[in-house]
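No experiment lies behind these values; they were computed from the predicted model shown.
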Amino acid sequence: MTPVHFSFTSAFMLGLMGLAFHRTHLLSALLCLEGMMLSLFIALALWVMQFESTMFSTGPLLLLAFSACEASAGLALLVATARTHGTDRLQNLSLLQC
């Protein structure tokens, strides 16, 4: 395993573990998701550059565009949650309450 491959794998796994174990606030969950998406973007971009293939060159850009849409939707949910519930703690959120 090369050091570059190890660093991107460990960055993705750290984001996944942060999402799984430290789910106290919605903002921290969104930041972990964003870190995972950015590590996937950089890994995919380096993979395309390594194989020098123009056929897959739009893949990293599409992933980055979807990541930006995911981040904006997450921030909109964070603002809506903070306005209605007064906090972004995930323990206070319930699907049974409106």
Spell out, yes or no, whether Phe8 and Phe51 are grouped together once hydrophobic residues are joined by side-chain heavy atoms under 4.5 Å, including indirect joins.
yes
Does Phe6 offer a backbone N or O that forms a donor-acceptor pair with the side chain of Thr9 under 3.5 Å?
no
From Met37 atom CE to Ile42 atom CD1, the distance as rounded to the nearest 0.5 Å
12.0 Å
Phe12 side, atom CZ; Met17 side, atom CE - distance, nearest 0.5 Å:
12.0 Å
Pairwise distance CG(Leu61) to CZ(Phe66) - rounded to 0.5 angstrom
12.0 Å
OG1 (Thr58) and CG (Leu63) are apart, to the nearest 0.5 Å, by 11.0 Å
Leu64 CG to Cys69 SG distance, which is reported to the nearest 0.5 Å:
10.0 Å
Is Val4 reachable from Met36 through a run of hydrophobic residues whose side-chain heavy atoms are each under 4.5 Å from the next?
yes
Are Leu31 and Leu16 connected into the same hydrophobic cluster when the rule is that any two of I, L, V, M, F, W, Y join if their side-chain heavy atoms are below 4.5 Å apart?
no
Could you measure the distance from the CG atom of Leu38 to the CG atom of Leu33? Nearest 0.5 Å is fine.
11.0 Å
So which residues get pulled into Leu77's cluster when ILVMFWY side chains under 4.5 Å apart are joined, directly or through others?
none
Taking side chain as C-beta onward, heavy atoms only, is Trp47 less than 4.5 Å from Phe56?
yes
Residues passing the side chain to side chain contact (heavy atoms under 4.5 Å, CB included) test with His22, sequence neighbours excluded, are none
Under 4.5 Å between side-chain heavy atoms, hopping through other hydrophobics if needed: is there a path connecting Leu14 to Leu27?
no
Does Leu44 share a hydrophobic cluster with Met55, counting links as ILVMFWY side-chain heavy atoms below 4.5 Å and allowing steps through other members?
yes
How far apart are the closest heavy atoms of Cys32 and Gly18, and which atoms are they?
SG-C, 3.6 Å
